[in-house]
Amino acid sequence: MTNPTSSPPPLVEHLDRGPLTEHEMAARVARDIPHGSYVNLGIGRPTLVADHLPDGAGVVLHTENGMLNMGPAAQDGQIDPDLINAGKIPVTELPGAAYFHHADSFAMMRGGHLDICVLGAFQVSAAGDLANWHTGAPDAVPAVGGAMDLAIGAKRVFVMMTLFTKQGAPKLVPECTYPLTGVGCVDRVYTDVATFQIGPGGATVLETFGIPYDDLAHRLGVALSRQDWT
Amino acid sequence: MTNPTSSPPPLVEHLDRGPLTEHEMAARVARDIPHGSYVNLGIGRPTLVADHLPDGAGVVLHTENGMLNMGPAAQDGQIDPDLINAGKIPVTELPGAAYFHHADSFAMMRGGHLDICVLGAFQVSAAGDLANWHTGAPDAVPAVGGAMDLAIGAKRVFVMMTLFTKQGAPKLVPECTYPLTGVGCVDRVYTDVATFQIGPGGATVLETFGIPYDDLAHRLGVALSRQDWT
Amino acid sequence: MNVMTCGDPDEAVAGIEDGSTVLVGGFGTAGMPADLIEALVRQGATGLTVVSNNAGNGDTGLAALLDKGRVRRMVCSFPRQSDSWVFDRLYREGRVELELVPQGTLAERLRAAGAGIGAFYSPTGAGTLLAEGKETREIAGRTHVLEYPIKGDVALISAHRADRMGNLVYRRTARNFGPVMATAATTVVAQVREIVDIGALDPEAVVTPGIYIDRVVQVVPAA
Amino acid sequence: MNVMTCGDPDEAVAGIEDGSTVLVGGFGTAGMPADLIEALVRQGATGLTVVSNNAGNGDTGLAALLDKGRVRRMVCSFPRQSDSWVFDRLYREGRVELELVPQGTLAERLRAAGAGIGAFYSPTGAGTLLAEGKETREIAGRTHVLEYPIKGDVALISAHRADRMGNLVYRRTARNFGPVMATAATTVVAQVREIVDIGALDPEAVVTPGIYIDRVVQVVPAA
């Protein structure tokens with residue numbers, strides 16, 4: 001496998017369309033998951049990625065509560081309280097599944113055996129720091145779950161999020177202001193208006209959706225780079 | 001369970017007989033294994049203890065190569081190369097057995113879940129230090145196996161050995177001269193001529209076989225104590 | 001030692017002392033030993049430290065135990081859930097302490113307690129709030145956090161089947177924390193759906209060997 | 001990633017480089033990947049570090065690899081056996097290095113490599129020759145030794161059955177080091193007695209999930 005994070009492809013500006021919908025973002029992430037990968041999809045929006053993996057992709061889904069080869073969400077007649085995903089949603093089992101306990105499941109994750117995990121985020125820094133577990137609000141009940149293990153465990157960490165908050169604040173930032181989940185752990189950021197690669201030199205824009213690179217760079221308060229066609 | 005190591009019983013001198021044979025030593029050890037104990041028997045002489053556990057003793061044998069509820073040595077028709085004990089001897093499986101890998105097996109041991117292990121020894125010190133893996137001879141190929149894990153892992157460590165070498169040197173010593181297997185780990189020492197309890201105050205003689213206490217104390221260069229009938 | 005087969009969950013939790021650290025299995029409701037927790041509520045022990053992935057759902061189980069003021073301290077990874085209103089209230093009122101532990105670190109600290117590991121270095125949480133005040137060390141160019149074992153006085157777990165030696169098998173993702181918690185407590189109590197004869201479980205498929213189990217009780221599964 | 005089903009053991013060990021660290025499963029001959037070791041002898045890689053519980057029996061397998069001078073260093077717990085004459089000779093002649101590791105520490109260091117644990121404190125070996133030069137720490141009144149992971153470039157293991165995703169089940173005490181070594185190497189090669197279709201193994205009884213396995217080869221069991 002060649003490592004797609006090593007040398008970014010030339011920038012593509014998709015200006016004939018608007019920002020990606022949630023499902024288009026999920027499809028965009030799915031396109032970057034190599035055949036046969038072992039993948040953990042975080043709770044919430046990243047779960048949608050499963051719906052966009054083509055038949056025969058050979059992708060094996062891990063759920064950190066102790067299973068490989070997890071199938072789609074259970075339909076009415078299939079619901080089994082003993083078979084849930086990390087979001088506690090009833091799911092199904094595919095042929096070739098395996099069950100294991102929590103220490104083994106997180107050993108698998110922490111030991112770097114998962115090829116990719118896809119996570120949501122409040123903020124990602126240009127250095128790849130991730131903040132996705134805690135808003136830092138004083139009255140919030142903090143809860144971390146497996147977020148910190150996922151952030152540092154997988155071979156490649158993909159973040160999937162809208163690029164701006166509802167209030168218009170950028171979520172790709174020079175430094176996270178929310179409490180961190182992991183330091184320097186993010187490899188790619190898939191958003192509605194652009195896809196970023198995070199590397200030693202910071203954030204490189206791979207493509208934009210409905211916005212030219214220069215406008216994007218202007219809206220974000222982060223140093224960006226781009227690879228031009230040569 | 002009351003802890004038999006806490007207050008030694010009064011000394012019994014068996015003077016109407018000679019030293020114990022190997023099988024009598026094994027039977028003596030077996031007598032001190034409570035009903036339902038989980039026990040690991042070291043390679044060699046300690047293996048004999050299994051032959052002296054009464055029917056219905058409910059003792060479950062652990063073998064550190066990954067099994068609980070190990071049965072007796074395999075007879076001709078029963079030999080299965082996949083089923084061996086820690087001494088690499090073909091054994092059998094009893095109903096209620098369980099198999100596990102080496103990390104789990106030694107976690108069980110190191111985590112203090114085995115009630116008793118019975119080991120051979122080159123030397124035991126009055127402070128309970130054990131030397132049973134290496135003579136220290138310069139041309140010896142060193143090999144330790146699971147000895148150090150067994151020595152520190154079980155709730156109680158019983159040593160079974162002759163009290164003197166063939167040359168007549170005591171094997172219960174003020175300080176071990178052979179390289180140590182574990183520090184302060186031995187609880188009981190079962191020998192052909194006496195049984196010792198090792199505690200904070202050193203070695204207490206529980207019983208002798210064919211030798212009066214005073215003669216034993218004279219032959220051993222170790223401070224001993226005894227509990228008299230009150 | 002010998003496994004005790006209990007007649008009901010109340011017998012199974014008898015003797016749990018005030019101030020105990022109780023490990024409670026389950027991830028959400030999967031693998032949650034609901035009958036044992038209800039019995040613990042009846043049993044009355046208080047001042048408990050409860051170690052569990054979550055901090056109760058709705059008004060039953062752990063939530064009921066919390067609501068009755070029996071829990072001094074929760075050690076968990078994900079207390080906040082859509083229906084964790086009891087914990088949320090007590091936490092905001094300052095009536096329960098919380099030690100928040102990343103889920104994998106929680107599992108590994110429990111394993112360490114069961115495996116006789118004195119402490120371990122993990123990269124999880126390095127550079128975050130949850131590593132504040134903890135010792136760190138650079139190993140192979142990466143910051144690691146020193147983590148210590150979590151040992152329980154009691155573990156309450158749920159499994160699918162037990163044999164009369166206490167060997168356990170689980171079912172699907174209900175396995176979760178049961179096997180590690182079973183190794184990490186002085187007294188381990190398992191509720192199971194069925195107790196089978198010795199020899200009825202496949203020795204290759206036993207997940208928790210009976211050596212870890214002290215008490216077993218068969219409960220009728222909720223319909 | 002995708003598991004490669006190999007036609008024969010030679011294909012399965014192709015590409016192992018000089019100077020590699022090779023983890024070799026088995027305890028004595030149980031679980032020993034004999035066909036893969038023979039193929040490694042033919043393959044020719046040299047300057048190897050071999051991590052295995054024992055250091056070869058008789059004149060075949062690891063003993064043959066040692067005899068051909070391919071092994072620079074052995075990491076094992078019990079090299080000396082009644083029939084380990086090849087290792088014994090090379091060791092006495094100073095032609096092979098030995099790192100002697102207590103058996104449980106060997107297993108746990110392999111697990112640590114697979115589980116992303118940077119280092120751990122173990123009470124095993126404290127105060128003995130085998131802890132000399134190692135960092136120690138008092139934890140809960142007991143001396144612990146700091147131990148680091150053992151990671152392999154390649155692991156050669158033996159299992160009973162594999163499915164086409166690389167899920168493995170073992171048989172009886174032949175399980176031994178296979179499951180931990182499978183987690184601890186960059187490339188993991190398993191020889192099995194039978195390859196079965198996906199779905200033919202009980203998901204509750206899979207011991208090594210396919211995520212850990214890179215290559216599988218079916219071998220004919222010795223009669």
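Every chain is numbered from 1, with letters handed out A, B, ... down the list of sequences. These numbers come from the heavy atoms of this one structure, side chains and all, not from hydrogens, waters or symmetry mates.
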Okay, C:R142 and chain A: the region with an atom under 4.5 Å from a heavy atom over there is side chain

Of A:V91, A:N85, A:L180, A:N65, the largest count of non-hydrogen pairs under 4.5 angstrom with chain C goes to A:N65

Exercise. Indicate the ring-plane relationship of C:F177 and A:H102, choosing parallel, tilted or perpendicular according to the 30° and 60° boundaries.
Key: parallel

Counting heavy-atom pairs under 4.5 angstrom with chain C, the leader among A:L150, A:I84, A:T63, A:V183 is A:I84

Okay, A:A140 and chain C: the region with an atom under 4.5 Å from a heavy atom over there is backbone

From the list C:L110, C:V101, C:T143, C:N54, the residue making the most non-hydrogen contacts under 4.5 Å with chain A is C:N54

d(C:Q103 CD, A:M109 CE) to nearest 0.5 Å is 7.5 Å

What verdict does the side chain to side chain contact (heavy atoms under 4.5 Å, CB included) test give for C:T124 and A:R110, after you've listed the backbone C-alpha separation in whole Å, the side-chain angles of each residue and the deciding distance to 0.1 Å? CA-CA 8 Å; C:T124 300; A:R110 200 193 308 105; 3.9 Å; yes

Given A:D129, A:T181, A:D139, A:L83, the one with more heavy-atom pairs under 4.5 angstrom with chain C than any other is A:L83

TODO: Step through the shown structure and confirm whether more than 12 heavy atoms of other residues, nucleotides or ligands are within 6.0 Å of CD on A:E175.
DONE: no

Practice prompt. Using a strict 4.0 Å threshold on nitrogen-to-oxygen distance, state whether C:R171 and A:D80 make a salt bridge.
Written response: yes

Check: Stepwise, does the side chain to side chain contact (heavy atoms under 4.5 Å, CB included) test hold for A:Y99 with C:T173?
Finding: CA-CA 7 Å; A:Y99 296 103; C:T173 58; 4.1 Å; yes

Checked C:A174, C:G31, C:C76 vs chain A; the most non-hydrogen pairs under 4.5 Å come from C:A174

Rounded to the nearest 0.5 Å, the CD atom of A:E93 sits from the CZ atom of C:R172 at a distance of 4.5 Å

d(A:H101 NE2, C:F27 CZ) to nearest 0.5 Å is 16.0 Å

- Do C:D83 and A:K88 sit within salt-bridge range, that is, some charged N less than 4.0 Å from a carboxylate O? no

Of the listed A:A86, A:A143, A:P179, the one with the largest count of heavy-atom pairs under 4.5 Å with chain C is A:A143

Answer key: most heavy-atom pairs under 4.5 Å with chain A among C:G104, C:G178, C:A55 is C:G104

Output for pair (C:S77 OG, A:F106 CZ), nearest 0.5 Å, gives 7.0 Å

Okay, C:F87 and chain A: the region with an atom under 4.5 Å from a heavy atom over there is side chain

Residues of residues 125-135 of chain C with a heavy atom under 4.5 Å from any heavy atom of chain A, in residue-number order, are C:G125, C:A126, C:G127, C:T128, C:L129, C:L130

| request: Begin with the C-alpha distance, continue with both residues' side-chain angles, and end with the deciding distance and a verdict on side chain to side chain contact (heavy atoms under 4.5 Å, CB included) for A:F100 and C:N176. | output: CA-CA 7 Å; A:F100 29 84; C:N176 57 65; over 6 Å; no

So do A:P142 and C:L98 actually touch side chain to side chain, heavy atoms under 4.5 Å?
-> yes

Okay, C:Y91 and chain A: the region with an atom under 4.5 Å from a heavy atom over there is side chain

OH (C:Y170) and CG (A:D82) are apart, to the nearest 0.5 Å, by 12.5 Å

Honestly, the part of C:R92 sitting under 4.5 Å from a heavy atom of chain A is side chain

Most heavy-atom pairs under 4.5 Å with chain C, out of A:G66, A:G145, A:A103, belong to A:G145

Is there a salt bridge (charged side-chain N to carboxylate O under 4.0 Å, His left out) between C:R175 and A:D104? Walk through the geometry before answering.
CA-CA 11 Å; C:R175 186 182 301 195; A:D104 280 351; over 6 Å; no

Looking only at C:G28, C:A30, C:P102, most heavy-atom pairs under 4.5 Å shared with chain A are made by C:P102

